[in-house]
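Remarks on the structure that follows.
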Amino acid sequence: MNILVTGGAGYIGAHTVVELQNAGHEVVVIDNLSNSSENMLRQVSKITGKKVTFHKVDIRDSQALDEIMKLYWFDCCVHFAGLKAVGESVMKPLAYYQNNVAGTLTLLEALSRHGCANLIFSSSATVYGQPKELPITEACPTGGITNPYGWTKCMIEQILMDLYRAEPAWNVALLRYFNPAGAHESGLIGERPRGIPTNLMPYIARVAAGRLPELQVFGNDYDTGDGTGVRDYIHVVDLALGHVKALRVMEQKGGLAVYNLGRGEGCSVLEMVHAFEQVNEVVVPYVIKARRPGDVAACYADPSKAERELGWKARLSIEDMCRSAWQWQKNQGKGSD
Ligand code: NAD
Ligand code: UFG
């Protein structure tokens, strides 16, 4: 199939482009490079041995989207483009609503104009807010979100559900990612947070590399096994493969569907620290700090719907995530971008 990948130069997008190309799809990437660089796509080409067609386009630019869609015919759009920093979204809500929500509307209108009505959307477990049940199924209510970033995901989901209701010719997959971590086993692509990371895994990797002094563990008084926050970490390559499966099922069955993409297993902050130390034979100094505002105690998926309907199941372990994240961290500054 011919696939338009928005935000394909980013962390999850680049890993997905690898798996789409490996599965034989033709991929065109558009990205405004606001949080990535074109070099990521050169690294993708090294992995797959195939050229990645790239255009520097902002999804809010309706004219530029028209030009791309006149150049190529797309069977489906896999839509990653968006701003994703939770803390920044609290400081700059308008920028987040503008980029993520308005950008998606502009993209959907362009896709409509050019006859592409198939979309896979990067949603997030954040739409569940304070989860009402654990593990979280897709039937769990959404809302009660504590930051504008999370609301942009919720609003876009609503827009897509309304669109599908009004125009059932659309096929939409809402993929709710749990906590993506790790990097490609080649060590050529991975996550490059701007400045000091806010997510756990890249922070741990930088501490292990001696580039940050210590990890701050946000709270050890949660109602969890060891008192630290529990999340469902999923290897980014497993996540990428979930998109390939969703694409196939969408082609066969169509309609609108929501899937949790997680491993279905909770891992605490301290369990992750210890796994990273053990697998990579490094030391990760940490201090216990106060809880981070907006954090939930535990969040993990029931991913059985994706297994049943998509034939997808995460295969890679916490150890695989720790190993590949460390490999990627060590490659930084050695030509990998
Ligand atoms: P990322 O920042 O690495 O990738 C996003 C890409 O989109 C970047 O390359 C950026 O330059 C591009 N982009 C942003 N705004 C754009 C615009 N207006 N026009 C064109 N390109 C634009 O982030 P990621 O971790 O790869 O996340 C990909 C998607 O998955 C995002 O929508 C994110 O919200 C979602 N998601 C991420 C996580 C996570 O923890 N990483 C969890 C759940 C959902
Ligand atoms: N944590 C620390 N210290 C740190 C960073 C994180 O103790 O320096 C803890 C957090 O308190 C939490 C856990 O590690 O308990 C995971 O935190 P992350 O920031 O890595 O991830 P979140 O679960 O807060 O959020 C992430 C993404 C969101 C996304 C969500 C669900 O940042 O965008 O996963 O997919 F919505």
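Both ligands and their constituent atoms are indexed starting at 1 by order of listing. Along the sequence shown, residues are numbered consecutively beginning with 1.
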Acceptor/donor pairs from residues 195-216 side chains to any protein atom, 3.5 angstrom cut, sequence neighbours excluded:
unit_1	atom_1	unit_2	atom_2	d
Arg206	NH1	Gly195	O	3.0
Arg206	NH2	Pro193	O	3.4

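For residues 254-270, the salt bridge (charged side-chain N to carboxylate O under 4.0 Å, His left out) pairs, not counting sequence neighbours, are Arg263-Glu265.
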After noting the C-alpha distance and the side-chain angles of His55 and Asp31, does the key distance pass the side-chain hydrogen bond (donor to acceptor under 3.5 Å, both in side chains) rule? CA-CA 7 Å; His55 295 271; Asp31 198 303; over 6 Å; no
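Using cut-offs of 30° and 60° for the angle between ring planes, the Tyr177 and Phe80 rings count as tilted.
To the nearest 0.5 Å, atom OH of residue Tyr149 and atom OG of residue Ser124 are 4.5 Å apart.
Checking side-chain atoms of Ser45 against main-chain N and O of Gly49 turns up no donor-acceptor pair under 3.5 Å. The backbone N or O of Trp328 lies less than 3.5 Å from a partner atom in the side chain of Gln332, making a donor-acceptor pair. In this structure, His15 contributes its side chain and His184 its backbone to a donor-acceptor pair below 3.5 Å.
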Contact table ligand 2 N or O to protein N or O, d under 3.5 Å:
unit_1	atom_1	unit_2	atom_2	d
ligand 2	3 (N)	Gln216	O	2.7
ligand 2	7 (O)	Gln216	O	3.4
ligand 2	7 (O)	Phe218	N	2.9
ligand 2	11 (O)	Asp295	OD2	2.6
ligand 2	17 (O)	Arg292	NH2	3.3
ligand 2	19 (O)	Thr198	O	3.4
ligand 2	19 (O)	Asn199	ND2	3.2
ligand 2	19 (O)	Arg292	NH1	3.4
ligand 2	19 (O)	Arg292	NH2	2.8
ligand 2	20 (O)	Asn199	ND2	3.3
ligand 2	20 (O)	Leu200	N	2.8
ligand 2	21 (O)	Asn179	ND2	3.2
ligand 2	23 (O)	Asn179	ND2	2.9
ligand 2	23 (O)	Arg231	NE	2.7
ligand 2	24 (O)	Arg292	NH2	2.9
ligand 2	32 (O)	Asn199	ND2	2.8
ligand 2	34 (O)	Asn179	ND2	3.3
ligand 2	35 (O)	Ser124	OG	3.4
ligand 2	35 (O)	Tyr177	O	3.0
ligand 2	35 (O)	Phe178	O	2.6

Pick out the protein N or O atoms lying less than 3.5 Å from any N or O of ligand 1, and list each pair with its distance.
unit_1	atom_1	unit_2	atom_2	d
ligand 1	2 (O)	Asn35	ND2	2.6
ligand 1	3 (O)	Tyr11	N	2.8
ligand 1	9 (O)	Gly10	N	3.3
ligand 1	9 (O)	Asp31	OD1	3.2
ligand 1	9 (O)	Asp31	OD2	2.6
ligand 1	9 (O)	Ser36	OG	2.7
ligand 1	11 (O)	Asp31	OD1	2.7
ligand 1	11 (O)	Asn32	OD1	3.4
ligand 1	11 (O)	Ser34	N	3.1
ligand 1	11 (O)	Ser34	OG	3.4
ligand 1	11 (O)	Asn35	N	2.9
ligand 1	11 (O)	Ser36	OG	3.3
ligand 1	13 (N)	Asn32	OD1	3.4
ligand 1	15 (N)	Asn99	ND2	3.1
ligand 1	18 (N)	Asp58	OD1	3.1
ligand 1	18 (N)	Asn99	OD1	2.9
ligand 1	19 (N)	Ile59	N	3.0
ligand 1	21 (N)	Asn32	N	3.1
ligand 1	21 (N)	Asn32	OD1	3.3
ligand 1	25 (O)	Lys84	NZ	2.8
ligand 1	26 (O)	Tyr11	N	3.2
ligand 1	26 (O)	Ile12	N	2.8
ligand 1	32 (O)	Phe80	O	2.8
ligand 1	32 (O)	Lys153	NZ	2.8
ligand 1	34 (O)	Tyr149	OH	2.7
ligand 1	34 (O)	Lys153	NZ	3.0

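Checking Thr137, Asp232, Ile136 one by one against Asp302, the side chain to side chain contact (heavy atoms under 4.5 Å, CB included) holds for a single residue, Thr137.
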